[in-house]
Every structure is written in structure tokens, then in C-alpha cells.
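We use all heavy atoms of the structure for the numbers below, so side chains are in, but hydrogens, waters and symmetry mates are not. First the proteins, then the strands, lettered A, B, ... as listed; each starts at 1.
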Protein chains: 2
Amino acid sequence: MKKIEPNTRELKTREFEAVCRKNGLALTIQRRTILEALASRSDHPTVDQVYEDIKDYLKGVSRTTVYRVLETFVSIGIARKISNPESKARFDADTKRHHHLTCIKCGKVLDLHDPTLDNLVPDTEAVREFDILDYSITFNGLCSCCQETAHYRP
Amino acid sequence: MKKIEPNTRELKTREFEAVCRKNGLALTIQRRTILEALASRSDHPTVDQVYEDIKDYLKGVSRTTVYRVLETFVSIGIARKISNPESKARFDADTKRHHHLTCIKCGKVLDLHDPTLDNLVPDTEAVREFDILDYSITFNGLCSCCQETAHYRP
DNA sequence: GTTAATGCAAAGCATTTGCACACGT
DNA sequence: ACGTGTGCAAATGCTTTGCATTAAC
């Protein structure tokens with residue numbers, strides 16, 4: 001497992017400990033290790049990649065724990081889960097460029113056609129080696145149905 | 001199953017038939033029905049939702065066929081698959097707003113930090129009832145590794 | 001000492017695959 | 001007729017769950 005930059009690690013670790021205390025979560029070696037593994041790579045690892053990264057270092061750790069710990073991190077706000085919101089594929093007959101409004105509560109996806117959002121060009125060096133073919137914006141929030149029942153905002 | 005607007009249906013159907021002929025694909029009743037079901041709703045149905053929509057109308061149709069037909073539609077460009085690119089969740093320790101470069105070939109996801117993309121506000125009525133909490137842009141394309149081996153662009 | 005977290009094994013879903021039969025060309 | 005497409009059932013892969021053990025507070 002690659003070590004993360006001291007600065008980043010310190011920051012993440014301190015934030016992590018504070019958030020754990022606030023939420024009454026135990027500071028286990030598994031959580032510490034998984035956080036370090038996750039923070040040490042910027043390529044959005046899958047559960048299995050994190051597991052592979054830590055399993056030699058933390059003998060006997062279970063894949064289940066990696067699943068659970070990562071979900072815990074998402075729920076306390078120190079990590080994000082990208083793609084795969086409900087582990088089901090969704091299909092769309094509209095192949096023109098358009099964007100999506102995704103309800104974080106019920107999973108519903110609505111189309112958003114807005115020409116002002118259709119000609120974005122990223123302006124950083126990171127994209128230099130990347131051949132961009134298309135893009136899509138996902139706005140996450142609460143649909144009208146779910147706003148009424150939601151009592152907090154993440 | 002709700003019927004789609006005549007105009008839209010005619011368009012989609014004609015496009016569909018042309019593309020099928022071009023690709024040597026058979027015009028089966030399953031493909032026709034699934035296309036109609038998909039085009040008749042704008043809420044990005046899952047495979048199961050499409051299956052539920054057609055199963056009474058097309059007795060004996062198999063869920064497997066819905067899976068296969070929808071993937072066929074995506075490969076010939078008359079439908080899109082949203083979310084769940086590789087049916088695996090990916091996690092990220094960076095919780096600041098940022099965007100993603102996703103390689104459509106190998107599934108790799110890279111971060112893109114670009115302040116010029118961080119203050120988009122959609123300007124349509126569709127968002128009026130939607131409570132937007134956050135957003136993220138996914139740029140789809142080919143990473144440097146995959147550009148060399150890709151011989152066509154979808 | 002209590003309560004929460006972990007590990008294991010089994011279960012649960014979504015999705016894919018192999019193969020025989022049916023259908024579109 | 002030929003080759004593709006479909007249906008079925010089984011397999012696969014990712015993820016979740018129940019329960020006993022272990023560790024954190």
C-alpha cells in the first residue's frame with residue numbers, strides 16, 4: 001500500500017477522528033487503514049481494489065468490512081461513492097446531449113435540456129492526454145416527492 | 001404500456017429500422033416493442049421497468065431479451081445507458097466539488113479540478129421543483145492508455 | 001462491562017452465458 | 001435454408017445480511 005502525503009494524511013486523519021468522535025464511531029484499525037488506502041490513490045478505487053491494497057498489510061481483514069467501512073465513510077461525509085447509485089443500469093432513448101437530475105432519495109432520474117450547459121470545455125492540463133468524446137452533468141438533489149419527507153440535508 | 005407520441009415514435013422507429021438494416025440486425029417484435037417502451041418514458045427506466053412495461057403486451061418475453069436488446073440499442077447508438085458503467089461502485093476520499101474523466105474503454109476514473117466548472121446553474125423550468133444539492137460533470141472519453149488501441153469512435 | 005465493529009458464510013440481486021429452439025431475412 | 005435472435009436455466013459477480021466473536025470506548 002502506497003503511503004499518502006503526510007500533509008494530506010494528517011488532514012484526513014484529523015478530520016476523520018473528529019467526525020468519528022462526533023458520530024460516536026469507534027476508531028478501529030480497519031477504518032484507519034481503509035481511509036489511508038482510499039486517500040492514497042486518486043483513481044477512485046473499487047471495493048476490491050481497496051481490499052487488495054490493504055489485505056497484506058492488515059492480515060485477515062474481510063471484504064465485507066471494506067464494503068461496510070466505505071459506506072460508513074460516505075454516510076459521515078469523508079468519502080464519496082461515484083457511479084452506481086443503486087447498482088442497477090438505467091436506459092434512455094434520448095441520445096442527444098442532455099443532463100440529469102437525480103434524486104438522491106428515490107433514485108429517479110429526470111432529463112434536463114439546457115443549451116447553456118451544452119458547450120463546456122474543461123480548462124486544465126489534466127485533460128490534455130484525455131480524449132473527451134462527450135460529457136454529461138448530473139445534478140443531485142431531491143425531487144418534489146422526496147422533499148416533503150426529507151428532514152435533513154447531507 | 002403507454003403509447004408514445006406519434007411523431008416521436010415515427011422518428012424513432014424510422015431511425016431504428018434504418019440503423020438495423022445498416023447493421024444487419026433483424027427487426028424482431030421484441031426489439032420493436034422494447035424500443036417503443038423505452039421511448040415512451042422519459043424517466044430512464046431500469047431493465048426491470050422495461051420488462052414490466054412489456055411483459056403483458058408481449059407474452060412470454062424474457063428478461064434476458066430485455067437485457068440483450070437494450071445493450072444492442074446502446075451499441076448501435078439509439079439508446080444510452082446511464083450510471084452503472086461497470087456495475088461496480090467506486091469510492092473517492094476527495095469530497096470537494098470536482099469532476100470526472102471516465103474512460104469508456106477501461107473504466108478508469110480520473111479527477112478533474114477546474115474552478116470554471118464549479119458554479120453552473122441550470123436555467124430551465126424543469127429544475128424549479130427540484131432541490132439541487134450538488135452536481136458533478138462526467139467527461140467520457142479515452143484515457144491515454146486506451147487511445148492507442150481504439151480504432152473507432154462511437 | 002457495554003456497545004459497536006468485524007469476520008465468516010450464506011443469501012440476495014442484477015447481470016451474463018450456454019445451449020436448444022424459433023424467427024426474420 | 002441460413003444465420004441471427006430468443007427463452008430458459010444455470011452461472012457469475014458484486015453486494016448485503018445474520019450471527020458469533022472481538023475490539024473499542
Problem set entry | Helical bend (five base pairs per end, nearest 10°) for the helix from C/dG1-D/dC25 to C/dT25-D/dA1 |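 The angle, to the nearest 10 degrees, is 40°.
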Exercise. How many angstroms lie between OH in A/Y57 and CD1 in A/I54, if you round to the nearest 0.5 Å?
Worked result: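 CD1 of A/I54 is found 10.5 Å from OH of A/Y57.
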For this session: Calculate, to the nearest 0.5 Å, the distance between atoms OG1 and CG belonging to B/T33 and B/L58 respectively.
Result: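 One gets 4.5 Å once the value is rounded to the nearest 0.5 Å.
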Which whole-number value in Å describes the distance from [X] [atom1] to [N] [atom2]?
{"X": "A/E71", "N": "D/dC14", "atom1": "CD", "atom2": "P", "result": "16 Å"}
{"X": "B/K59", "N": "D/dT6", "atom1": "NZ", "atom2": "P", "result": "19 Å"}
{"X": "A/Q49", "N": "D/dC14", "atom1": "CD", "atom2": "C1'", "result": "14 Å"}
{"X": "B/Y67", "N": "C/dT17", "atom1": "OH", "atom2": "P", "result": "13 Å"}
{"X": "B/R31", "N": "C/dC23", "atom1": "CZ", "atom2": "P", "result": "15 Å"}
{"X": "A/L58", "N": "D/dT22", "atom1": "CG", "atom2": "C1'", "result": "14 Å"}
{"X": "A/L70", "N": "D/dC14", "atom1": "CG", "atom2": "P", "result": "15 Å"}
{"X": "B/F91", "N": "D/dC14", "atom1": "CZ", "atom2": "P", "result": "14 Å"}

For this session: Identify the residue among B/L38, B/T72, B/L35 that makes a side chain to side chain contact (heavy atoms under 4.5 Å, CB included) with B/I78.
Result: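 The single option meeting the side chain to side chain contact (heavy atoms under 4.5 Å, CB included) with B/I78 is B/L35.
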For this session: List for me each residue that meets side chain to side chain donor-acceptor pair (under 3.5 Å) alongside A/E129, sequence neighbours excluded, and say none if there are none.
Result: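 Testing A/E129 for side chain to side chain donor-acceptor pair (under 3.5 Å), a comparison that skips the adjacent residues, returns none.
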For this session: Under the salt bridge (charged side-chain N to carboxylate O under 4.0 Å, His left out) rule, collect the residues that match up with A/D111, sequence neighbours excluded.
Result: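 None.
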Give the table of side-chain donor-acceptor pairs shorter than 3.5 Å for residues 132-143 of chain A, with sequence neighbours excluded, one pair per line with atom names and distance.
{"unit_1": "A/D134", "atom_1": "OD1", "unit_2": "A/R97", "atom_2": "NE", "d": "3.0"}
{"unit_1": "A/D134", "atom_1": "OD1", "unit_2": "A/R97", "atom_2": "NH2", "d": "2.6"}
{"unit_1": "A/D134", "atom_1": "OD2", "unit_2": "B/R80", "atom_2": "NH1", "d": "3.0"}
{"unit_1": "A/D134", "atom_1": "OD2", "unit_2": "B/R80", "atom_2": "NH2", "d": "3.4"}
{"unit_1": "A/Y135", "atom_1": "OH", "unit_2": "A/L117", "atom_2": "O", "d": "2.6"}
{"unit_1": "A/Y135", "atom_1": "OH", "unit_2": "A/D118", "atom_2": "O", "d": "3.2"}
{"unit_1": "A/Y135", "atom_1": "OH", "unit_2": "A/N119", "atom_2": "N", "d": "3.0"}
{"unit_1": "A/Y135", "atom_1": "OH", "unit_2": "A/L120", "atom_2": "N", "d": "2.8"}

Problem set entry | Student check: side-chain heavy atoms of A/F91 and B/E71 closer than 4.5 Å |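 They are in contact (side-chain heavy atoms under 4.5 Å apart), so the answer is yes.
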Problem set entry | Minimum side-chain heavy-atom gap B/L112-A/F130 below 4.5 Å |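 No, their side chains stay 4.5 Å or more apart.
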Exercise. Just by distance, with hydrogens left out, do B/D48 and B/T46 show a side-chain donor and acceptor under 3.5 Å apart?
Worked result: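 Distance-only check fails for B/D48 and B/T46.
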Exercise. Who are the side-chain contact (heavy atoms from CB on, under 4.5 Å) partners of B/Y67, not counting sequence neighbours?
Worked result: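 For B/Y67, the residues satisfying side-chain contact (heavy atoms from CB on, under 4.5 Å) (neighbours in sequence not counted) are B/V47, B/R63.
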Exercise. Who are the side-chain contact (heavy atoms from CB on, under 4.5 Å) partners of B/S42, not counting sequence neighbours?
Worked result: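 Applying side-chain contact (heavy atoms from CB on, under 4.5 Å) to B/S42 gives none.
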For this session: Scan for salt bridge (Lys or Arg N to Asp or Glu O under 4.0 Å) pairs involving residues 137-147 of chain B, sequence neighbours excluded, and state none if there are none.
Result: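 Residue pairs passing salt bridge (Lys or Arg N to Asp or Glu O under 4.0 Å), neighbours aside: none found.
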Side-chain donor-acceptor pairs under 3.5 Å in residues 19-32 of chain B, sequence neighbours left out?
{"unit_1": "B/T28", "atom_1": "OG1", "unit_2": "B/R31", "atom_2": "N", "d": "3.1"}
{"unit_1": "B/R31", "atom_1": "NH1", "unit_2": "B/A26", "atom_2": "O", "d": "2.8"}
{"unit_1": "B/R32", "atom_1": "NH1", "unit_2": "B/E17", "atom_2": "OE2", "d": "3.0"}

Please tabulate, one pair per line, each protein N/O and nucleotide N/O from nucleotides 8-11 of chain D that are separated by under 3.5 Å, including the distance.
{"unit_1": "D/dA9", "atom_1": "N6", "unit_2": "B/T64", "atom_2": "OG1", "d": "3.3"}

Problem set entry | All pairs passing ring pair (Phe, Tyr, Trp, His ring centres under 6.0 Å) where residues 18-53 of chain B contributes a residue, at least two apart |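 Checked against ring pair (Phe, Tyr, Trp, His ring centres under 6.0 Å) - neighbours excluded - the pairs reaching residues 18-53 of chain B are A/H100-B/H44.
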Close N/O contacts between protein and nucleotides 23-25 of chain D (under 3.5 Å):
{"unit_1": "D/dC25", "atom_1": "OP1", "unit_2": "A/L27", "atom_2": "N", "d": "3.1"}

For this session: Select from A/T65 and B/R63 the residue whose nearest nucleotide in DNA chain C is closer to the 5' end of that strand.
Result: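 Closer to the 5' end of DNA chain C: A/T65.
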Problem set entry | Nucleic acid contacts of residues 17-24 of chain A, taken as heavy-atom distances under 4.0 Å to DNA chain C |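 Nothing qualifies; none.
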